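Accompanying notes for the structure given below.
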Amino acid sequence: MTRVHVPAEPVGAFPDAWRRCVGTGRLDLALRRDHQDSLALLQREIGFRHIRGHGLFSDGMAVHRPYTHRGTRYVHHSFTHVDQVVDAWLAAGVRPFLELGFMPGALASGEQTVFWWRGNVTPPRDLAEWTALVQATLAHLVDRYGLDEVRTWPVEVWNEPDLPDFWQHADQDAYHRLYEATAHAVKEVDAGLQVGGPAVSPGAGPDWLERFAEFTGGRDVPVDFVSRHAYSSGPAQHVPFGVHQTLAPAAELLDQFAEPRRTLKGTWLADVPVHITEFNSSYRPDNHVHDTAFHAAYLAPVLAGGGDLVDSFSYWTFSDVFEEAGVPTALFHGGFGLLTHRQVRKPTFHLYAFLARMGPDLLTRGDDHLVTRHPDGRVTVLAWAPVDPTGATPGPEAHALRLSLPVGAQDAAGGRGEAFVRRLTVDEEHGNAYTAWRRMGSPRSPHPRQLDVLHEAAEPARTHRRLPVEDGRVDLPLTLARHEVAFVELTPVEDETPAWWDERRLLGRDPKRGTGPERGTGRELGRGRELGRDPELGRDPELGRDPELGRDPE
């Protein structure tokens, strides 16, 4: 069992890099109601600050509109869809993280495309026409939303140009030419706009960033941030409408987060912000690991520690309203999303929602826990069970830790009091609609009654109890089930129960034994004597849990 004495004073602020950005599918999906409903739910329960997706300049957004009149070619820039997308995002309380790509078909130098929706990945056949497109778009956004607002929207040039699937031939020199022209075009609109790249994949190797720093530094090309992606899965093992993949330990993701600063140390980009503009375990949108409780426990240490290494890391993606491999064939299909395309919350959604409830002051952090405090004195704990990323074992059936927590509750005599303890749990059986979906026969398109059951199954388990405070501290034992992630909040109790109240008389019986605290008053109820039940019976003295059920009796 892990035993941790949590310090009373913060060791610093808990970085919120985990909520700075989240990914989405291609941008025109934001025109759909299911995208907007999903985003509204996400923002109510988590509250991301920026959102990033592909396809701003792809034909589905219809920005680049060339036409020929009397033998002369003209280009009209249309922002009908752009305005609708950005309006919807801002209304939901999230700002764009703009990715400039892919290439409009009428401006492309070739026909190579990627994804089911055919994003063109070839360089522009006319670089001047490309920069005019970039400038017209940014100037329109500044005019519509204001310069101060748009200056808060990072502008990223392209997506994974180190991969031939995303940039023709993975031509680094051609990407440098595109970046140079684009970055200068952005700055000509306004010098305060943030531009960066190169948004390379995990397999890019350090030479891509090294050469990017050398090229931009040698030619005085603006770079306000550096971006990279991170994934930890192995090659795809295909099955119909899905894949299986091996996984590296979650620490591999953190090592990828650290790579840009490590590589750029000593270069002119050593101190610029670093954004991980995509990360996940698997890079495939059809790997069922994304749907599981395992996934939440696997990523918990990444979310807890990633903010020490980068300025932001963006989960790819917030919703299964996502169609890179085609329209999903089932409700649960291994999609990247924190939510299914019918707004069913996955366990990893709850991991993010738990983090959103954590306080700003960091008290301590370990391999299986994170402890923070709110300004009002509430202490919050995120705890997670270890996982076996190799799949060789199912992981431990139970994982125990014990925390000594500073909670400011003392009675008039000083030194004693009580804390209200709230616990939310996600594991294989709780907060896990995927488990319920599998048990109901994996219906590809659940009917309304089944959807109601799945939404119900997606709710975390909730328990409440009171624990004594002695010398300003609470002893909190926790036993986590396999693949469990738990959120615990402790609040000092200010008991306002009337002195005359006797909980044992709820059924009208007068026990004729007095009404003092030792005879079952409301205050005694807080220590476990509900309806006359002896709080000492049926408890595991070590863990404070029912040894038969393995769950908190409360």
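Being a predicted model, the structure only gives us computed values, none of them experimental.
- Pairing each heavy atom of M61 with each of L56, the nearest pair is CB-O, 3.3 Å.
- Residue L490 forms a side-chain contact (heavy atoms from CB on, under 4.5 Å) with just one option from V421, V469, T380, and that option is V421.
- The shortest side-chain heavy-atom distance between M103 and Q112 does not fall under the 4.5 Å cut-off.
- No side-chain donor from either of N120 and T113 sits under 3.5 Å from a side-chain acceptor of the other.
- Panel note: side chain R482, backbone G395; a donor-acceptor pair is recorded below 3.5 Å.
- Electrostatic pairing of D34 and R342 does not count as a salt bridge here, judged by no charged N lying under 4.0 Å from a carboxylate O.
- The salt bridge (charged side-chain N to carboxylate O under 4.0 Å, His left out) search around E160 returns none, not counting sequence neighbours.
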Pair W117-H54, side-chain contact (heavy atoms from CB on, under 4.5 Å): steps then yes or no: CA-CA 11 Å; W117 48 272; H54 301 321; 4.0 Å; yes
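- In the model, N287 has no side-chain atom that pairs as donor or acceptor with a side-chain atom of H290 under 3.5 Å.
- Between the side chain of E484 and the backbone N or O of A481 there is at least one donor-acceptor pair closer than 3.5 Å.
- Checked by atom type and distance alone, the side chain of R402 never pairs as donor or acceptor with a backbone atom of L478 at under 3.5 Å.
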Intermediate values then yes/no, side chain to side chain donor-acceptor pair (under 3.5 Å), H455 and D452: CA-CA 5 Å; H455 281 291; D452 288 343; over 6 Å; no
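- Pairs engaging residues 365-384 under the ring-ring contact (aromatic ring centres under 6.0 Å, His included) rule: none recorded [sequence neighbours left out].
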Pair T348-Y298, side chain to side chain donor-acceptor pair (under 3.5 Å): steps then yes or no: CA-CA 9 Å; T348 306; Y298 173 81; over 6 Å; no
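- Within the 4.5 Å cutoff, the side chain of F322 has heavy atoms near those of the T317 side chain.
- A side-chain donor-acceptor contact under 3.5 Å links H399 and D368.
- Considering every non-hydrogen atom in both D162 and G203, the closest pair reads OD2-C, 4.3 Å.
- Contacts of A30 classified as side chain to side chain contact (heavy atoms under 4.5 Å, CB included), with partners at least two apart in sequence or in another chain: H35, V85, W89.
- With contacts defined as side-chain heavy-atom distances shorter than 4.5 Å, the pair T152/R95 qualifies.
- For R44, there are no salt bridge (charged side-chain N to carboxylate O under 4.0 Å, His left out) partners, not counting sequence neighbours.
- Remark: aromatic rings of F349 and F318 are distant, center separation not under 6.0 Å.
- Between the Q450 side chain and the H447 main chain, a donor and an acceptor come within less than 3.5 Å of each other.
- With respect to R438 and D291, no salt bridge is recorded, no charged nitrogen being found less than 4.0 Å from a carboxylate O.
- Taking a cutoff of 4.0 Å between a charged side-chain nitrogen and a carboxylate oxygen, D311 and R261 qualify as a salt bridge.
- In summary, E489 and R422 engage in a salt bridge, as defined by a charged side-chain N under 4.0 Å from a carboxylate O.
- No salt bridge links R118 with E324; every basic N to acidic carboxylate O contact stays at or beyond 4.0 Å.
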Using a 3.5 Å cut-off and no angle test, enumerate the donor-acceptor pairs between side-chain atoms of residues 273-280 and protein atoms at least two apart in sequence or in another chain.
unit_1 : atom_1 : unit_2 : atom_2 : d
H275   : ND1    : S312   : OG     : 2.7
T277   : OG1    : E156   : OE2    : 3.0
T277   : OG1    : H229   : NE2    : 3.0
E278   : OE1    : Y231   : OH     : 2.6
E278   : OE2    : R52    : NH1    : 3.2
N280   : OD1    : H295   : NE2    : 3.1
N280   : ND2    : Y315   : OH     : 3.3
N280   : ND2    : W316   : O      : 2.7

Candidate pair F166 and F115, rule ring-ring contact (aromatic ring centres under 6.0 Å, His included), full reasoning: CA-CA 10 Å; F166 288 98; F115 304 142; 5.5 Å; yes
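- Residue F294 comes nearest to V387 through the heavy atom pair CE1-CB, 3.6 Å, listed as atom of the first residue, atom of the second, then distance.
- Looking at R32 and E323, a side-chain N of the basic residue comes within less than 4.0 Å of a carboxylate O on the acidic one, giving a salt bridge.
- Using modelled atom types, one side-chain atom of N432 and one backbone atom of T435 make a donor-acceptor pair closer than 3.5 Å.
- Contact of the P235 side chain with the Q237 side chain is not registered, since no non-hydrogen atoms from C-beta on lie closer than 4.5 Å.
- Listed by first and then second residue, the side-chain hydrogen bond (donor to acceptor under 3.5 Å, both in side chains) pairs involving residues 356-366 are D308-R365 (not counting sequence neighbours).
- R423 and T463 share no side-chain donor-acceptor pair at under 3.5 Å.
- The distance from atom CZ of R345 to atom CG of L339, rounded to the nearest 0.5 Å, is 8.5 Å.
- Ring centroid separation for the pair H288 and F332 does not come in under the 6.0 Å cut-off.
- We find that D320 and K346 are joined by a salt bridge, their nearest charged nitrogen and carboxylate oxygen being less than 4.0 Å apart.
- Of all the heavy atoms in V493 and F420, the pair that sits closest is CG2-N, 3.3 Å.
- When every heavy atom of Q343 is checked against every heavy atom of S38, the shortest pair comes out as NE2-OG, 2.9 Å.
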